[in-house]
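This structure is a prediction, so every number in the text was calculated from the model and none was measured.
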Amino acid sequence: GDVSALGTGLLGASAASAAKPVPAVARSLSAITWCLHAPTSGFNLDYHNVFFASDYEREFMAVFKERTVCDAPTVYICAEDRTPGPGAAPNGPERLLMLVNAPADGDTRTFSEAQMEAIANNAFGLLSDCGLDIDTSSGAVHITGPDGFNNLFPASGGALYGRASHGMMASFARPSAASKLPGLYLAGGSVHPGPGVPMAVMSGRLAASRLLQDSARPD
């Protein structure tokens, strides 16, 4: 879960003082994702792939200032059936995670069906312009938006990375391993030192270390 679930009281009033919630204006990016099982053609995918639109700055203005998704979003694709490095396409459908950045407003608004369709058309259109075709005719697609991520991680607004990492001191604005509630320790992407698998693992090590230190102290 997101650390904001504590500060907003979702885990009980007695735990609300354990950590401050992340203000909505300080949240990191959310996303719209498509989990697909579909054939691809025309572009030799790597395991990780990023397709940039022509105006990268415009995308972040749209997300953070206008609270929307721009008409030409950058598209990330994880081609899960490819080995690291460009590889031959699987014989038939392959598993894909496709993502575009979105504002973390999933607790206050949802994108309409028409908006989601327009975003999908823009994203798949960019891929087509780059030479990648994804056949979605089988309908094996699961779509999740900021509201869906907020349902999975309450009080996050759908933010995938906790607090935004803007500025040199942003990492230090995150809660540390030892919360203000005795006996409750925090680990994960929404606390110090930050998001991503390596950082979350480091966070877990810090929490375990602090717990061991505290348990070794005499009462």
Side-chain angles (χ1 to χ4, degrees), residues 2 24 27-82 86-162 164 189 195-197:
D2 191 281
R27 290 171 179 165
S28 61
L29 292 165
S30 186
I32 297 171
T33 62
W34 294 259
C35 292
L36 307 108
H37 190 231
T40 67
S41 61
F43 190 99
N44 191 21
L45 290 168
D46 204 331
Y47 187 86
H48 296 292
N49 310 267
V50 182
F51 296 85
F52 289 98
S54 58
D55 191 348
Y56 196 40
E57 181 179 1
R58 172 78 187 98
E59 175 174 5
F60 291 94
M61 287 292 293
V63 170
F64 286 110
K65 300 294 185 182
E66 301 165 17
R67 315 304 297 178
T68 189
V69 177
C70 71
D71 291 339
T74 298
V75 181
Y76 165 76
I77 292 179
C78 177
E80 299 178 31
D81 293 318
R82 310 273 181 144
N91 184 20
E94 59 181 310
R95 296 172 299 164
L96 305 170
L97 168 65
M98 176 174 151
L99 177 152
V100 300
N101 293 321
D105 298 332
D107 53 348
T108 58
R109 59 164 289 192
T110 60
F111 289 104
S112 68
E113 185 175 339
Q115 288 174 315
M116 291 291 283
E117 183 177 356
I119 292 168
N121 288 339
N122 291 335
F124 282 97
L126 172 65
L127 298 179
S128 181
D129 290 343
C130 293
L132 174 64
D133 290 316
I134 302 176
D135 183 0
T136 61
S137 59
S138 68
V141 181
H142 181 77
I143 305 171
T144 306
D147 57 328
F149 286 114
N150 182 70
N151 290 336
L152 291 169
F153 310 107
S156 68
L160 300 182
Y161 319 104
V197 172

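S28 places a side-chain N or O within donor-acceptor distance of the main-chain N or O of G162, the cut-off being under 3.5 Å. Panel note: side chain D133, backbone S41; no donor-acceptor pair is recorded below 3.5 Å. Of the possible donor and acceptor atoms, one in the side chain of N49 sits under 3.5 Å from a partner among the backbone N and O of I77.
In this structure, Y56 and F60 have perpendicular ring planes: the angle between them is above 60°, well past the 30° mark.
For E94, the salt bridge (charged side-chain N to carboxylate O under 4.0 Å, His left out) test picks out R82, with sequence neighbours left out. Under the ring pair (Phe, Tyr, Trp, His ring centres under 6.0 Å) criterion, F111 pairs with no residue, sequence neighbours left out.
Taken from OG1 in T74 to CG in N101, the straight-line distance is 7.0 Å, to the nearest 0.5 Å. Rounding to the nearest 0.5 Å gives a distance of 12.0 Å between CG of L45 and CD of E80. To the nearest 0.5 Å, the span separating CG on L96 from CG on D81 amounts to 8.0 Å. Distance check: T108 OG1 to N150 CG gives 8.5 Å after rounding to the nearest 0.5 Å. Residue T33 holds its OG1 atom at 10.0 Å from CE of M98, rounded to the nearest 0.5 Å.
Side-chain atoms of V100 and W34, non-hydrogen and from C-beta on, do get closer than 4.5 Å to each other. The shortest distance between side-chain heavy atoms of C78 and Y47 falls below 4.5 Å. A heavy-atom distance below 4.5 Å is found between the side chains of P146 and I32. Taking the side chain as every heavy atom from C-beta outward, L160 and L29 never approach each other to under 4.5 Å. Contact annotation: the side chain of E66 approaches that of R58 to within less than 4.5 Å [non-hydrogen atoms, C-beta and beyond].
Under the 4.0 Å criterion applied to side-chain N and carboxylate O atoms, D107 and R27 are assigned as salt-bridge partners.
Contact detail for I134 and A38: the closest heavy-atom pair is CG2-CB, 3.9 Å. Looking at every heavy atom in both residues, R109 comes nearest to R67 through NH1-O, 2.6 Å. When all heavy atoms are compared, the tightest approach of P154 to D2 is O-CB, 4.4 Å. Shown here for S30 and F149, the closest heavy-atom pair between the two residues is OG-CD1, 4.2 Å.
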Just list the side-chain donor-acceptor pairs under 3.5 Å for residues 120-129, sequence neighbours left out, or say none.
from : atom 1 : to   : atom 2 : distance (Å)
N121 : ND2    : E117 : O      : 3.3
N122 : ND2    : D71  : O      : 3.2
N122 : ND2    : A118 : O      : 3.3

